[in-house]
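Convention: sequence-line order gives letters A, B, ...; per-chain numbering from 1. Fair warning: this is a prediction, and the values are worked out from it, not measured in the lab.
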Amino acid sequence: MSLNIDEIRSLMTDLENSSLREFKINDGDFSLHLSKNDQATIVNTPAAPVQTQVQEPSTISEIEEHPLAKPVKVGTEIVAPMVGTVYLQPKPDAPMFKAVGDKVSVGETVAVIEAMKLMTEIHSDVAGTVSEILVENEEVVDYNKPLYVIISD
Amino acid sequence: MKTDERILHFFAEHEGEYLSGETLAKNLDISRAAVWKVIKKLTEQGHTIDSQHHVGYRYQSGKVLSVPMIKQLAHSDWQIKLFDVIDSTNTYAKEALTRGDVTKPTMIIANQQIGGRGRLGRTFVSPADTGLYISLALPLPVGTSVIPGLLTTGTAVAVSRAIKETIGIELDFKWVNDLLFKNYKVGGILTEAVMDFESQQVSAIVVGIGLNLQKPQNLDATLKNKVGGMVEHLTVSRNVIVAALLDEFVKLYAEYTDGSFLTAYRQRNIVINQTVTVKYGKELVTGIAKAIDEQGQLLVDTGDVIRTINSGEVLKVQLPNNSYHG
């Protein structure tokens, strides 16, 4: 058995999107080991720029398609600071923390992530409006996975 | 042990009773004058000792939690904050850490919680006098690492050690952090992280411990059959239990990353080799709980693969005689 680079990429994507943590193939000379088990430790490190700016694509072709397009809007992602299960509501049966179109203020709780019963409230570090929710409630997320896109006011 | 510590221990063992100077002198093998001197010293230190002519001395009245008593009994010098009634010790700890009011490891205790919480906002019934509601607020200096899976499971072991030393019973565990006695839930641990706003890093951890020493009264129908107590009548001072808990936790916190407590955790975990259903994310995983790995994760054999579960909870444990109630 051997796999070409595209097949390996596709396996990586599958693993990324599944709740499997790792898997291993051994077949003669061929072996492949993919693992997501590397975030069991949380380190309080001094520098941590996890917030990323997302720019809406502004290629030439798009501008041609949308001649009246407004100036490029900048959204800010709120990302998962750790691996775990993400909860978008404070408790089962309670309303979601945020829906698309809701206002968010700095410091507001927008999600809770659980890993090994370590519950971490995720607070927004931007003020603005929720333009996208990128995860589903109770999804298992990886480090740095974008949860929301917020358009600043 | 110094004389004042010995007197405090003796008071703790005879909580609520009046003890004559003669009884104290005899039991501790000191003179009555020495008893009088130590009592005077303890009172000056902030201990409340009631003295009645011809009857004797009584430490506090009833089953009162006391910081000076806990400090006296414990070996650790962590800060202790005590509340008679509080919303939730975990909420208080998180807020105090966020504000920067707590900069050293601190134990927060309440006699009663009116908003006690478990996982996912569930209520943890926390009545006065019959339980212990404790949060350990742990600021993380820059560069410190935390292994949440081990801290949560390690805390369960530390609690069980303290309970063994003081009450004399052996608690069981249900992965991750339920504490059981005779198949009823008698406690839980809720670990929460505090994120620093600017750096988006975990800047502190709060380990919340809720214990039903006696079974809480007035539980609703769903909890009534799951929740129990450790003892029928509490004969051990809660101050003694808190002091033991603090010492066991401090010891664990210094060395939990080596995972040496996992042997004890595995031995008394009711899920091992049982068929379990685990809610993992949105999925339900059913299989045999094979093991708990070096990071405290649960390995479940579904028949096709071994799944490593690191979040979520065990919904169902199928014990042979269906004896588990939690």
Side-chain angles (χ1 to χ4, degrees), chain A residues 18-24 35-52 78-87 89-94 106-126 135-141 144, chain B residues 90 94 98 117 119-123 139-153 175-178 188-208 257 279-283 285 293-298 305 307-313:
Chain A
S18 92
S19 57
L20 274 183
R21 303 305 309 163
E22 63 183 327
F23 72 87
K24 216 183 245 182
S35 172
K36 296 195 286 191
N37 288 333
D38 57 350
Q39 295 293 341
T41 309
I42 291 169
V43 185
N44 184 10
T45 47
V50 281
Q51 190 197 90
T52 47
I78 300 175
V79 301
M82 60 190 63
V83 179
T85 304
V86 65
Y87 298 97
Q89 56 193 135
K91 54 173 114 174
D93 311 326
V106 171
E108 221 180 318
T109 304
V110 293
V112 174
I113 294 185
E114 172 183 22
M116 303 298 297
K117 288 240 172 159
L118 176 74
M119 314 298 283
T120 307
E121 284 180 2
I122 309 303
H123 302 281
S124 176
D125 48 359
V126 287
V135 288
E136 281 182 63
N137 192 33
E138 301 191 12
E139 190 174 320
V140 177
V141 295
N144 249 352
Chain B
N90 259 38
K94 279 200 293 183
T98 307
R117 304 179 281 118
R119 192 169 159 276
L120 298 180
R122 287 179 195 142
T123 304
L140 300 178
V142 167
T144 323
S145 56
V146 176
I147 306 175
L150 293 184
L151 186 56
T152 310
T153 46
W175 187 90
V176 177
N177 55 355
D178 284 343
I189 295 156
L190 178 70
T191 318
E192 297 187 83
V194 176
M195 297 287 292
D196 179 72
F197 218 55
E198 255 128 63
S199 66
Q200 285 285 308
Q201 294 282 307
V202 174
S203 62
I205 298 279
V206 176
V207 178
T257 50
K279 188 156 190 282
Y280 180 51
K282 288 191 295 187
E283 237 185 309
V285 178
D293 74 6
E294 293 304 310
Q295 292 174 11
Q297 307 180 109
L298 185 67
V305 282
R307 299 283 302 269
T308 303
I309 311 287
N310 59 14
S311 63
E313 73 181 309

Which heavy atom of A:Glu121 sits nearest a heavy atom of B:Met195, and at what distance? O-CG, 3.6 Å
Gap between atom [atom2] of [Y] and atom [atom1] of [X] - 0.5 Å precision:
X        : Y        : atom1 : atom2 : result
A:Thr120 : B:Lys94  : OG1   : NZ    : 9.0 Å
A:Met119 : B:Asn90  : CE    : CG    : 11.0 Å
B:Glu192 : A:Glu114 : CD    : CD    : 10.5 Å
B:Ile189 : A:Leu118 : CD1   : CG    : 13.0 Å

Which bit of A:Val106 comes within less than 4.5 Å of chain B, counting heavy atoms only: side chain, backbone, both or neither? both
Option that, when pairs with chain B are counted at under 4.5 Å, heavy atom only, ranks first among A:Glu138, A:Glu136, A:Lys91: A:Glu138
